[in-house]
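Reviewing the structure listed below.
Quick caveat: nothing in here was measured; it's all calculated off a predicted structure.
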Amino acid sequence: MSLSNLFGKVRDQASAAIFGRPTPSTDNVEFTEDPCLTCSAPCAEGHAAYPDAIVKSIETKDALLGTMKPYKRHAMYCAGTGDAWPGSLEDDLAADAFQSAIRAGAEAGTKAAEGAGRNPGRTIISAIDAVPEGHSEGSESVTDVKQTEVLLFPDYKALRGVTAAEASSIVNEWVANGALPASVPAPVAELVDLTHEAYVFVCVHKKRDKRCGVTGPMLIKEFNHALEDAGLSDKVAVAGISHIGGHKYAGNIYSKKFPQGVWYGRVITCHVEHIIKSTVLEGKIFKELFRGQGTA
């Protein structure tokens, strides 16, 4: 069966199998064996290999499960490129930067929820280097962007054309109330549903760690090639993402479909087609690569 036909058969079941279990629990997770465990090195099928210096710097002995801290929600704003992002988006950007504004909103929402006796859980803020929905926002550098698109998971929504101040206010409400507003008033950004069936985010944050700076672009190229060959480019979006932790486990990828996501480490180009087929489409997880998921 082709990947494109398989997608139509399994996409409705995939979310239950892949997403929604707390890290590091593996209850009701359907595991499958990493198909590259017995592959020859270098790859006999011609997949691109990482440079030797990068391979030697990747940690291969630690258990991966549990290397991602539990989290509740993830906001991703589109700005710049992975090779130009500063080493730390949390510490190296000005107080009025888009990243800083969203984080301030999340922190204010956390305090409000805790003040009301609720545990809001952890909110992750990341930059991504492309707008998967195909719009023009996000071309400015991460230091200069004033208006862009923000993806909101696990809600599977996007704020389109949002300013930093607007994003901060909406994220504040999102965290404080445990839900997004049903709509946003004009002239605030449009709140829309995401259109792709699944999203794959690959760490490409070069100035944070060279390993992801080298492996990330190679993986994105391989994902785009495999998805195009399978006729799935309009159903599965791929983008680079800023630091998500665990650079020593490069390549790091984050496969996202509602309501939760799957985090993988030690991904090589040979894995890509298998990840599309087994994880994105069939809902099976490669235990050898599995770092964890968000909280329900």
Side-chain angles (χ1 to χ4, degrees), residues 1-15 17-19 35-36 43 45-48 74 76-83 126-139 148-160 192-205 212 215-242 244 251-264 267-286 289:
M1 182 180 292
S2 69
L3 286 181
S4 56
N5 289 337
L6 184 61
F7 187 94
K9 180 179 178 181
V10 304
R11 62 184 175 187
D12 293 332
Q13 298 101 301
S15 60
I18 304 177
F19 309 96
C36 297
C43 177
E45 297 184 11
H47 294 106
H74 199 157
M76 307 176 188
Y77 67 101
C78 309
T81 58
D83 58 354
S126 300
I128 55 176
D129 65 3
V131 180
E133 304 307 289
H135 305 295
S136 60
E137 293 97 338
S139 59
T148 189
E149 186 160 324
V150 180
L151 278 57
L152 304 167
F153 294 105
D155 298 72
Y156 232 62
K157 298 281 188 179
L159 289 166
R160 188 173 297 162
V192 299
D193 293 327
L194 293 178
T195 59
H196 287 80
E197 297 286 351
Y199 293 79
V200 175
F201 300 98
V202 184
C203 185
V204 294
H205 201 157
C212 283
T215 63
M218 293 176 68
L219 288 172
I220 288 178
K221 182 178 180 180
E222 191 72 22
F223 268 107
N224 285 331
H225 177 74
L227 290 168
E228 184 176 358
D229 282 353
L232 295 174
S233 297
D234 61 337
K235 293 181 172 66
V236 182
V238 183
I241 193 169
S242 61
I244 53 178
N252 281 293
I253 75 164
Y254 178 36
S255 178
K256 192 73 180 169
K257 186 174 178 176
F258 60 91
Q260 302 298 331
V262 171
W263 297 75
Y264 276 159
V267 177
I268 57 177
T269 55
C270 304
H271 286 129
V272 168
E273 186 172 341
H274 302 293
I275 289 172
I276 294 170
K277 180 178 183 295
S278 296
T279 301
V280 175
L281 303 184
E282 295 180 343
K284 297 176 182 177
I285 293 176
F286 298 127
L289 308 178

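By the side-chain contact (heavy atoms from CB on, under 4.5 Å) test, Asp229 pairs with His225, sequence neighbours left out. Residues satisfying the side-chain contact (heavy atoms from CB on, under 4.5 Å) criterion with Ser242, sequence neighbours excluded, are Trp85, Leu89, Ser126, Ala127, His205. Residues satisfying the side-chain contact (heavy atoms from CB on, under 4.5 Å) test with Asp83, not counting sequence neighbours, are Thr81, Lys206. Residues passing the ring-ring contact (aromatic ring centres under 6.0 Å, His included) test with Phe223, sequence neighbours excluded: none.
Counting all heavy atoms, side chain and backbone alike, Ser278 lies closest to Phe286 at CB-CZ, 3.6 Å. The shortest non-hydrogen separation linking Ala48 to Thr269 is O-OG1, 2.5 Å. Shortest non-hydrogen contact noted between Ile128 and Leu151 is CD1-CD2, 4.2 Å.
Remark: side-chain polar atoms of His271 are paired, donor with acceptor, to backbone N or O of Ile268 under 3.5 angstrom. Under a 3.5 Å cut-off, the side chain of Thr279 and the backbone N or O of Lys284 do form a donor-acceptor pair.
To the nearest 0.5 Å, atom OG1 of residue Thr215 and atom CD1 of residue Ile220 are 9.5 Å apart. The CD atom of Glu282 sits 12.5 Å away from the CD1 atom of Ile276 when rounded to the nearest 0.5 Å. The distance from the CE atom of Met76 to the CG atom of Asp129 is 12.0 Å, given to the nearest 0.5 Å. Here CG of Leu194 is found 8.5 Å from NZ of Lys157. Values are rounded to the nearest 0.5 Å.
The aromatic rings of Trp263 and His74 sit parallel, their planes meeting at an angle under 30°, below the 60° perpendicular limit. Using a 30° and 60° split on the angle between ring planes, Phe201 and Tyr199 fall in the parallel class, below 30°.
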Evaluation steps, side-chain contact (heavy atoms from CB on, under 4.5 Å), between Ile285 and Tyr264: CA-CA 9 Å; Ile285 293 176; Tyr264 276 159; 3.6 Å; yes
From CA spacing to verdict: side-chain contact (heavy atoms from CB on, under 4.5 Å), Ile241, Val202: CA-CA 6 Å; Ile241 193 169; Val202 184; 5.8 Å; no
